[in-house]
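The block underneath contains the structure these notes are about, expressed in C-alpha cells.
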Amino acid sequence: MGIDHNYKETTGEISGIKGKLLVTPTLKQNLRYHQRTICSYDEFSPDTVSNRIWIATLRQLLTIKELDKQLKQQTLFLLRMLPPVTPLRVTSQHFNQVKLNRNNRLYGFLLNVCRLIHEQVMPTEEVGVARFMDFTRDERKMAILFENFVRNFYRLEQNTYSVGRERLHWHFSYADTTHQQYLPQMITDISLENEQDKIIIDTKYYIHTLATHFDAEKIHSTNLYQLFSYLMNPRDQSEKARRATGILLYPTIDKEYNLEYRYQEHPIYIRTVNLNTHWTQIAARLKEIIIPSSH
C-alpha cells in the first residue's frame, strides 16, 4: 500500500484550462493575453487528514526527550521521505474525521498508534520538549492495546479462521419485550471461526496475571463468568457453536499458565503469552494457542 491520496479541491493560476474556469478573476488579472487562467479543479493529493495526523505525530516524537537516538534518526529520515502536507495541531477530533476504506484500511493500526502517542505525550517546561508518560501502568489502556494486538495478529498471521468481534444475545425469555433493553451487551473480544470450528478468545490485562486469595493463586472469577456467558449464549445453534472453545488469554512476563477445563462439549483454556521474549516466540505462542486440542 502506498501513501494515502484523495481528491482535494484546488484553486489557482494555470496554463490552459482545467476543471472549472473562474472567468471573473481571470479577466480581472488579464491572464487571457498570457494564455493562462484561474481554475478550480480536483487534484489527487497526499494532503489528507490521515497523512497530516501521521506526519504531525512523527514531528511530535522528535520533541520527546527520552526518545532513543537511533529512533530519532530513523524518524527524521522517514519525515524527509514523506510528501509535504498542511501542518496540523492534532486533537482527538481529527481521528474521527478519518474515513477508512478498501484503499487505506491499513491506516487503521497506524492511526491507533498515533492516537496512543497523542494521548500519552505531555509538554514540559522546556520549549519544544515533551515527555512520554508511562502508559504501561494504566491497566485500562494496556487492556485495549493487548486486545487489539492479538486480534490484528490473528487477522494477519493465520488463514485458518476468519477473525472479528461478535455481538451475542442473551437467551432469555421475557413477557414484556421492553425489558430486553436493560440487558447488558455481549460483544466478544475476538471470535475465530471456520466451517468446522469456533473459538472465542477473551483477552485480559492485569499487572498480576492471577488473583491471590489467602496466598493461593486463582483465576479472576469475573473473567471466567464472562467467558462462560459467551459460550452459553451463542449467536446460533450450529454444531460448532454448541462445542465452541473458550480461551482466556493473559499477557505475562514471568510464569506461563496452561490450564485446561471442560464444560459439557466446551473446552475452556486459560493461556498466557510471555511478552518479555523475542517476537518470533510471541508469534509461535499465539499460533499454538489456537491449534485445536487432541481431546
Side-chain angles (χ1 to χ4, degrees), residues 1-133 135 144-145 148 152 155-156:
M1 183 192 75
I3 299 295
D4 187 27
H5 284 66
N6 208 339
Y7 286 100
K8 175 185 176 183
E9 186 174 339
T10 302
T11 299
E13 180 183 325
I14 61 170
S15 176
I17 297 176
K18 182 179 180 181
K20 181 182 178 182
L21 172 63
L22 302 182
V23 177
T24 301
T26 299
L27 293 175
K28 281 184 177 180
Q29 297 186 35
N30 292 320
L31 294 176
R32 65 187 187 279
Y33 298 112
H34 305 285
Q35 297 184 336
R36 298 184 67 80
T37 59
I38 294 179
C39 294
S40 176
Y41 55 92
D42 288 335
E43 184 177 36
F44 199 52
S45 168
D47 193 14
T48 63
V49 177
S50 55
N51 285 333
R52 291 176 202 164
I53 292 173
W54 179 25
I55 292 173
T57 304
L58 289 175
R59 295 190 184 283
Q60 190 175 35
L61 281 175
L62 295 177
T63 69
I64 297 175
K65 197 170 186 177
E66 303 91 339
L67 188 66
D68 179 80
K69 185 177 179 181
Q70 185 177 0
L71 285 176
K72 192 166 285 191
Q73 291 174 343
Q74 292 173 346
T75 303
L76 275 169
F77 176 77
L78 182 57
L79 276 170
R80 293 190 187 106
M81 299 290 290
L82 294 173
V85 299
T86 304
L88 182 68
R89 187 180 180 88
V90 180
T91 66
S92 56
Q93 286 74 27
H94 287 118
F95 292 94
N96 299 328
Q97 295 174 16
V98 179
K99 304 299 181 185
L100 297 177
N101 53 53
R102 185 176 61 183
N103 296 324
N104 68 352
R105 65 186 184 281
L106 295 182
Y107 267 67
F109 176 74
L110 176 63
L111 290 172
N112 284 336
V113 174
C114 291
R115 187 192 290 269
L116 177 65
I117 294 170
H118 167 68
E119 291 175 349
Q120 299 304 129
V121 171
M122 295 291 291
T124 67
E125 293 181 357
E126 299 179 59
V127 178
V129 177
R131 185 174 296 277
F132 197 72
M133 293 188 297
F135 66 88
I144 295 171
L145 183 64
N148 288 335
N152 282 303
R155 277 178 178 155
L156 296 172

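All values reported here derive from a predicted model rather than from experimental measurement.
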Q. Side-chain contact, heavy-atom cut-off 4.5 Å: Gln74 with Leu78?
A. no
Q) Between the side chain of Asp47 and the main-chain N/O of Thr86, is any donor-acceptor distance below 3.5 Å? A) yes
**Q.** For the student: nearest non-hydrogen atoms of Asp42 and Glu9, plus distance
**A.** OD1-CA, 3.8 Å
Q | N/O donor-acceptor pair under 3.5 Å between Asn51 side chain and Asp4 backbone | A | yes
Q) Is the side chain of Asn104 donor-acceptor paired with the backbone N or O of Lys99 at a distance under 3.5 Å, no angle test? A) yes
Q.
Distance check, rounded to the nearest 0.5 Å: Phe109 atom CZ versus Arg155 atom CZ?
A. 12.0 Å
Q: Calculate, to the nearest 0.5 Å, the distance between atoms SG and CG belonging to Cys39 and Leu22 respectively.
A: 6.5 Å
Q) When rounded to the nearest 0.5 angstrom, what is the spacing between CD in Gln70 and CG in Leu67? A) 10.5 Å
Q | Lys72 atom NZ, over 12 foreign heavy atoms within 6.0 Å | A | yes
Q) Considering all heavy atoms of both residues, which atom of Leu111 and which atom of Ser50 are nearest to each other, and what is their separation? A) CD2-O, 4.2 Å
Q. Using the ring of each side chain (for Trp, its six-membered ring), is Trp54 parallel, tilted or perpendicular to Tyr107, with breaks at 30° and 60°?
A. perpendicular
Q) If you look at every heavy atom in Pro46 and Ile3, which pair is closest and at what distance? A) CB-CG2, 4.3 Å
Q | Gap separating the CZ atom of Phe44 from the NZ atom of Lys8, nearest 0.5 angstrom | A | 14.0 Å
**Q.** Minimum heavy-atom distance Leu100-Gly108, with the two atoms named
**A.** CD1-CA, 3.7 Å
Q. So, does Ser40 use its side chain to make a donor-acceptor pair with the main chain of Thr11 at under 3.5 Å?
A. no
Q | Inter-residue atom distance His34.NE2 - Thr26.OG1, 0.5 Å rounding | A | 12.0 Å
Q) Do Val90 and Gln60 come close enough that some side-chain heavy atom pair is under 4.5 Å? A) no
Q: Please check if atom CZ in Arg59 has more than 12 non-hydrogen atoms from other residues, nucleotides or ligands closer than 6.0 Å.
A: no
**Q.** Under the side chain to side chain donor-acceptor pair (under 3.5 Å) test, residues paired with Thr91 that sit two or more places apart
**A.** Gln93, His94
Q | Pairwise distance OG1(Thr37) to CD1(Ile17) - rounded to 0.5 angstrom | A | 5.5 Å
Q: Please name the pair of heavy atoms, one in Gln29 and one in Ile38, separated by the smallest distance, quoted to 0.1 Å.
A: NE2-CD1, 3.3 Å
